[in-house]
Amino acid sequence: MGILSFGKSKNQGKVLLKEQPACYWEEESYMAVVPGGGMPDVSADAVGRVESIAGVTLLESRLPEGDKPGLLRVEYGGEVYEAGFYAGAFSLPEMMSRQGYYFTDDEMDAVRGASSALTLFMKFGSDAKMSYHLQVKLAVAMVPDAVALMDESAERLVCGRWAVLAAQSAVVPGASALFTVQAVGGDGGGDVWLHTHGLNRCGLYELEILASDNQNCNDHYHIIATLASRMLDCGAQAPAPGEGMHIGMLSDQRPIVATYVSWVKAMGEYDGGVLGGARDRMESHNGRTAPVFLYTCEDDEKQGRLRKVSVYDGLWGDNPMFFLSKEETERMSALARERFGLVTYMAKKDCRIILKVGLKTDSAVQGDEREHIWFELIEAEGDRFRARLMQEPYDVASMHEGDEGTYGIDDVTDWHIMLDGFAVTPDTAYLLV
């Protein structure tokens with residue numbers, strides 16, 4: 001239980017073209033919870049705070065003793081989870097990703113200066129996002145002054161202020177919170193190898209894109225990130241290796257259908273010198289990890305004909321579209337409504353605020369089919385607001401750009417508070433805390 005290390009080595013010598021066993025950070029979700037100062041509390045008081053988490057029932061607990069970690073056995077969302085914990089030495093690894101999170105200088109100084117942390121580890125249940133949410137709730141309850149969570153499984157540093165708000169929320173974090181996409185460049189500076197961290201703990205393959213380059217890696221990033229998010233949103237219904245998923249559309253309306261296969265099978269699609277090839281898998285990236293491919297037509301999928309993502313290089317254009325799942329759209333809407341009080345508060349400070357409102361469409365045959373479109377806020381009071389339409393609707397003939405109307409919080413599906421040089425969204429509301 002010494003210093004947490006990211007020197008993750010599985011094998012030495014010649015790599016076998018065979019999926020290797022998972023390591024601890026892949027089988028379970030590991031987090032180091034960094035307190036604002038001093039040693040983390042692992043006493044009965046810390047365990048007692050777990051009992052106060054809404055929706056969590058503490059079934060059994062044990063404090064750490066010697067080299068034996070403590071135990072929390074809890075019921076949450078209809079499932080039983082076991083989490084281990086212990087206090088140990090901490091050192092921030094070099095080049096630790098902060099992908100998606102913003103820290104103040106004081107926060108980073110506190111993390112770099114920390115010498116101890118609470119390690120909290122648990123096996124995810126059937127719903128990865130719910131499991132992750134529970135782990136964050138446990139982390140914040142046990143270390144209320146957490147300045148950061150070092151998510152070892154995803155190799156990312158998570159802002160403590162974000163974690164506190166997430167723990168308080170009734171809405172699960174988005175799928176993108178559960179993984180990172182890292183880019184590794186070759187010695188020559190041209191080749192880029194993209195790969196995820198964090199998906200194995202969710203019961204999924206880690207995803208990769210080989211033979212990317214500096215010119216196209218941003219579009220390739222969106223392929224891998226969208227596919228990973230959609231798979232997490234699907235849960236047990238996630239596509240199997242080789243099964244296609246329609247994740248987006250090129251500017252010319254050509255569909256983007258992605259799939260993935262184990263790295264062992266994928267090696268046959270690349271020459272031996274490619275960055276991310278067999279020679280780069282002697283010590284890591286040789287377990288349940290899978291390069292991503294595309295199907296350019298229905299016959300490709302029927303025949304199992306894999307196309308490298310570079311098949312669309314030069315066709316991305318300025319605005320390829322990547323699709324959100326229904327689950328993610330509903331989650332974003334719920335979070336926007338839950339945190340709408342920030343809109344009312346910041347409106348009084350004369351901030352420019354835009355809101356996405358769901359307008360019922362003219363062609364809706366049944367149900368509540370809506371077109372989600374941006375408005376600019378004019379004024380807000382409580383749960384009601386007046387706003388001006390910023391664009392021409394596609395399927396709402398009675399409304400036009402520039403029209404004004406009054407709406408309620410239940411109509412909102414997203415919002416952006418425009419500050420100097422950046423925008424605060426429901427997911428980044430911690431920036432206003």
Side-chain angles (χ1 to χ4, degrees), residues 1-12 20 22-40 42 69 83-122 132 135-136 139-140 142-143 145-163 176-187 192-202 206-208 221 225 228 275-276 280-287 289:
M1 295 187 186
I3 294 177
L4 296 168
S5 170
F6 279 77
K8 300 172 178 176
S9 177
K10 293 183 180 181
N11 305 290
Q12 300 292 332
Q20 300 300 303
C23 290
Y24 70 87
W25 64 88
E26 297 166 334
E27 291 183 327
E28 297 185 89
S29 180
Y30 271 75
M31 288 184 184
V33 192
V34 184
M39 284 286 293
V42 290
F85 66 95
Y86 60 88
F90 172 81
S91 178
L92 182 67
E94 294 183 10
M95 305 300 291
M96 171 59 55
S97 171
R98 285 180 267 169
Q99 192 176 102
Y101 298 97
Y102 303 92
F103 293 78
T104 66
D105 291 341
D106 287 344
E107 287 169 336
M108 284 309 303
D109 287 343
V111 175
R112 294 188 182 101
S115 59
S116 60
L118 173 78
T119 294
L120 181 67
F121 58 95
M122 58 177 275
Y132 179 84
Q135 191 172 14
V136 171
V140 170
M142 298 188 75
V143 187
D145 66 337
V147 68
L149 310 182
M150 191 174 73
D151 185 346
E152 182 174 0
S153 296
E155 299 194 3
R156 171 164 54 190
L157 195 66
V158 178
C159 181
R161 286 175 294 141
W162 177 90
S176 62
L178 279 67
F179 67 93
T180 55
V181 181
Q182 296 184 4
V184 176
D187 294 336
V192 177
W193 175 21
L194 300 170
H195 53 262
T196 65
H197 288 280
L199 295 179
N200 277 166
R201 62 178 168 181
C202 305
E206 299 292 350
L207 300 178
E208 311 179 31
Y221 163 85
L275 181 63
D280 294 318
R281 298 175 187 268
M282 294 176 65
E283 297 182 2
S284 62
H285 299 286
N286 52 21
T289 183

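- In this structure, Trp193 and Asp280 have side chains that are in contact, with non-hydrogen atoms separated by less than 4.5 Å.
- Residues His285 and Val184 fail the side-chain proximity criterion, which asks for heavy atoms closer than 4.5 Å.
- Contact check for Asp151 versus Leu149: no side-chain heavy atoms found under the 4.5 Å cut-off.
- The minimum heavy-atom distance linking Leu120 with Ala139 is given by the pair CD2-N, 3.7 Å.
- Ring geometry for Tyr30 versus Phe121: interplanar angle under 30°, hence parallel rather than tilted (30 to 60°).
- Between the CG atom in Asn200 and the OG atom in Ser29 there is a gap of 11.5 Å [rounded to 0.5 Å].
- Ion pairing between a basic and an acidic side chain is recognised when a charged N comes within 4.0 Å of a carboxylate O; Arg281 and Glu208 show such pairing.
- The minimum heavy-atom distance between Glu107 and Thr104, with the atom names listed, is OE1-N, 2.8 Å.
- Shortest non-hydrogen contact noted between Tyr102 and Arg161 is O-NH2, 3.6 Å.
- Scanning both residues, Val147 and Pro35, for their nearest heavy atoms gives CG1-O, 3.9 Å.
- Contact of the Leu157 side chain with the Met108 side chain is registered, since non-hydrogen atoms from C-beta on lie closer than 4.5 Å.
- Pairing each heavy atom of Glu206 with each of Leu199, the nearest pair is OE2-N, 2.9 Å.
- Here the side chains of Cys202 and Leu178 are in contact, with some heavy-atom distance below 4.5 Å.
- Two residues are said to be in side-chain contact when any heavy atoms from C-beta on lie closer than 4.5 Å; Met150 and Pro93 meet this criterion.
- Panel note: side chain Thr196, backbone Ala225; no donor-acceptor pair is recorded below 3.5 Å.
- Note that the CZ atom of Arg201 and the CE atom of Met122 stand 10.0 Å from one another [nearest 0.5 Å].
- Looking only at side-chain heavy atoms (C-beta outward), Tyr132 and Met31 come within less than 4.5 Å of each other.
- Arg98 places no side-chain N or O within 3.5 Å of a backbone atom of Cys159 that could act as its donor or acceptor partner.
- Between the side chains of Gln99 and Thr180, no donor-acceptor pair of N or O atoms lies under 3.5 Å.
- Side-chain N or O atoms of Glu27 include none that pairs as donor or acceptor with a backbone N or O of Tyr24 at under 3.5 Å.
- Proximity of Gln182 to His197: side-chain heavy atoms (C-beta onward) are separated by under 4.5 Å at one or more points.
- Taking CZ from Phe85 and CG from Leu118, the interatomic distance works out to 7.5 Å, rounded to the nearest 0.5 Å.
- Nearest heavy atoms, Ala163 versus Val136: O-CG1, 3.6 Å.
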